[in-house]
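A quick write-up on the structure given underneath.
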Amino acid sequence: MLDLRAVTDRLEETQRRLALRGDVPALGKLSELGGRRRAWIRESEDLRHEVKSSGPRVQALMKSDPPAAAALRERLKAASVRQKELEASLKELEIELAQALLYVPNLPHESVPAGTSSADNPVVRTWGERPAPGFQPKPHWELGEALGILDFERGAKLSGSRFTVLVGQGARLERALISFMLDVHTREHGYTEILPPYLVLRESMQGTGQLPKFEEDAFKTVDPELFLVPTAEVPVTNLHRDEILEAGALPLRYTAHTPCFRREAGAAGRDTRGLIRQHQFNKVELVEFAAPESSYQELEKLTGHAEDILRRLGLPYRVVSLCGGDLGFSAAKTYDLEVWMPGLDTFREISSCSNFEDFQARRARIRFRRGEGSKPEWVHTLNGSGLAVGRTLAALLEVGQQADGSVLIPEALRPYTGFERIGPR
RNA sequence: GGAGAGAUGGCCGAGAGGCUGAAGGCGCUGGUUUGCUAAACCAGUGUACGUCACAAGCGUACCGGGGGUUCGAAUCCCCCUCUCUCCGCCA
């Protein structure tokens, strides 16, 4: 959520920066409502001041001059009624205002490149050699089915499209990846492991920006209404909702594995095969709370921590910087990590690392204090996938495939899998 | 799911219609005193919004949340939420 004051005081600048995203939201209404809000607050407070400060006079007059007291009380009654009406209107206005503000996306950082789609995302760097196997590499779903470790048919039988069953070494590989990633982040990158609830309140979804605008993307329960987390970002960022963090607590780094549940409402017909786009998938997430002045430095570090996983697994990838048109609703700046998928002959997003600046902090009211007695300030929140586990498994199959159809497991993962190869020797 | 108890400032804890942002204590910060530390004493110590230079000052609100009564409510009435205890059930 943007700061109302900043929006109304610097309307043109806000509009111009938002335009980088492509669609320009109409902020005129916002500034008009903001102006009316100020006027009403002033009027209401003046009235209330009159009513409240007249108390002693009423008491005195009741003893000395009862008729005058009655007259005064009548006047005050009228003022009180008017004040309450004003307050009620003001409340409605503020709800309307807050609601409008919740639909305005974050301002892109000045370093965000111009552009309208993912085709415009500049490549920042690449890592690793693409394998040249000397045979036609297969997509991961063919490999997985042939090896008996991915069962798409039964997944669909159980739960419909975009659900998959992992079997035997496939299930073990998924579990190994989760443990491996969590171990690296906790032991070597300094993150604290969190195991959060997978169902959260509407309030939490709003805090990170999934709601109210993107409700059709979320799964939810009916009674009581709870949302299945679309990413661990939601519960972990909301860990500190409505809190003022202690001086010196920053940066706070958390990592969490959760399943992620997504409706994929707008993606009908896309990536229908394989593990790329599932309604349920595992992800290890990195979440960070940082001081404003260091958040961009921290974004580079966090992105590096996600990259480290890919490197250790020997998966070639590239880093792109999302252009204005491709930037997510809440993000001020985002790097996507794209892993090379030989079977698909393309790079696919496997991690998205973003700085949200104070956008989520405002929505979720997360603040920090620089020292004893200093005023609370909004923290900056960041997060990144470290990594999407299902897609990592898919990439591992495609990159590790051998001529005989077996798949080699990278060295770093073998202590976790307990095997070094899937399939015929 | 049933029965009961409770929700006040960073913490503990008063308060029972008016001048209470809220006694008292603890903690914290600054100062005085002081070989050092400690103790003692003095002062200060919430958040949000409005005005304004997002300063100072001033104003308004906030005693779990919402609504009501009243000239006026932390204090009276209604609804809700959460926490704790006991019973039931369960992994």
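In what follows, every chain begins at residue 1, and chains take the letters A, B, ... in the order their sequences are listed.
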Given the C1' atoms of B:rC63 and B:rG6, what is the spacing between them in whole Å?
15 Å
Side-chain ion pair, A:Arg187 and A:Asp308, N-O less than 4.0 Å:
no
Is there a Watson-Crick or G-U wobble partner for B:rU29 with both distances under 3.5 Å, and if so, which one is it?
B:rA43
Of the nucleotides B:rG18, B:rU51, B:rA48, which one has an atom closest to the side chain of A:Met62?
B:rG18
Gap in Å between the two P atoms, one belonging to B:rU8 and one to B:rA23, rounded:
16 Å
C1' atom, B:rA5 versus B:rG10: distance in rounded Å?
26 Å
Provide the Watson-Crick or G-U wobble partner of B:rC19, both distances under 3.5 Å; none if there is no partner.
none
Taking 4.0 angstrom as the limit, do A:Arg36 and A:Glu96 come out as a salt bridge?
no
Does the structure show a Watson-Crick or G-U wobble partner for B:rG64, both distances under 3.5 Å? Name it, or say none.
B:rC80
Quick note, A:His49 side chain, CB onward, closest among B:rG72, B:rG50, B:rU60 is B:rU60
Suppose we define a pair by two distances each less than 3.5 Å, Watson-Crick or G-U wobble; what does B:rU85 pair with here?
B:rA3
Given B:rG59, B:rC71, B:rC19, the nucleotide with the shortest approach to the side chain of A:Glu45:
B:rG59
When you check the gap from the basic side-chain N to the acidic O, do A:Arg82 and A:Glu43 get nearer than 4.0 Å?
no
Using purine N1 to pyrimidine N3 plus N6-O4 or O6-N4 for Watson-Crick, or N1-O2 and O6-N3 for G-U wobble, each under 3.5 Å, what pairs with B:rU69?
none
Can you tell which of B:rA61, B:rC52, B:rC71 lies closest to the side chain of A:Lys77?
B:rC71
Would A:Glu216 and A:Arg263 pass as an ion pair if we require N to O under 4.0 Å?
no
With the side chain defined as heavy atoms from C-beta on, A:Val58 is closest, among B:rA61, B:rC71, B:rG50, to B:rC71
Rounded distance in Å between the C1' positions of B:rC54 and B:rA38
43 Å
Give the nucleotide from the list B:rG50, B:rG72, B:rU47 with an atom nearest to the side chain of A:Arg369.
B:rU47
A:Phe329 and A:Phe359 aromatic centres sub-6.0 Å
yes
Evaluate the side-chain proximity of A:Glu338 to A:Tyr317: yes if any heavy-atom separation is below 4.5 Å, no if none is.
no
Give none if B:rA38 has no partner; otherwise give the nucleotide forming a Watson-Crick or G-U wobble pair with it, both distances under 3.5 Å.
none
Using the C1' atom as the reference point in each nucleotide, state the distance between B:rC71 and B:rC84 in Å, no decimals.
40 Å
B:rA56 pairs with, by Watson-Crick or G-U criteria that keep both distances under 3.5 Å
none
Which nucleotide, B:rC52, B:rA48, B:rG72, lies nearest any side-chain atom of A:Ser80?
B:rG72
Walking RNA chain B from its 5' end, the first of A:Val51 and A:Gly55 to be reached, judged by nearest nucleotide, is A:Gly55
Roughly how far apart, to the nearest Å, are B:rG18 and B:rA3 at atom P?
36 Å
Should B:rC90 form a Watson-Crick or G-U wobble pair with both distances under 3.5 Å, which nucleotide is its partner?
none
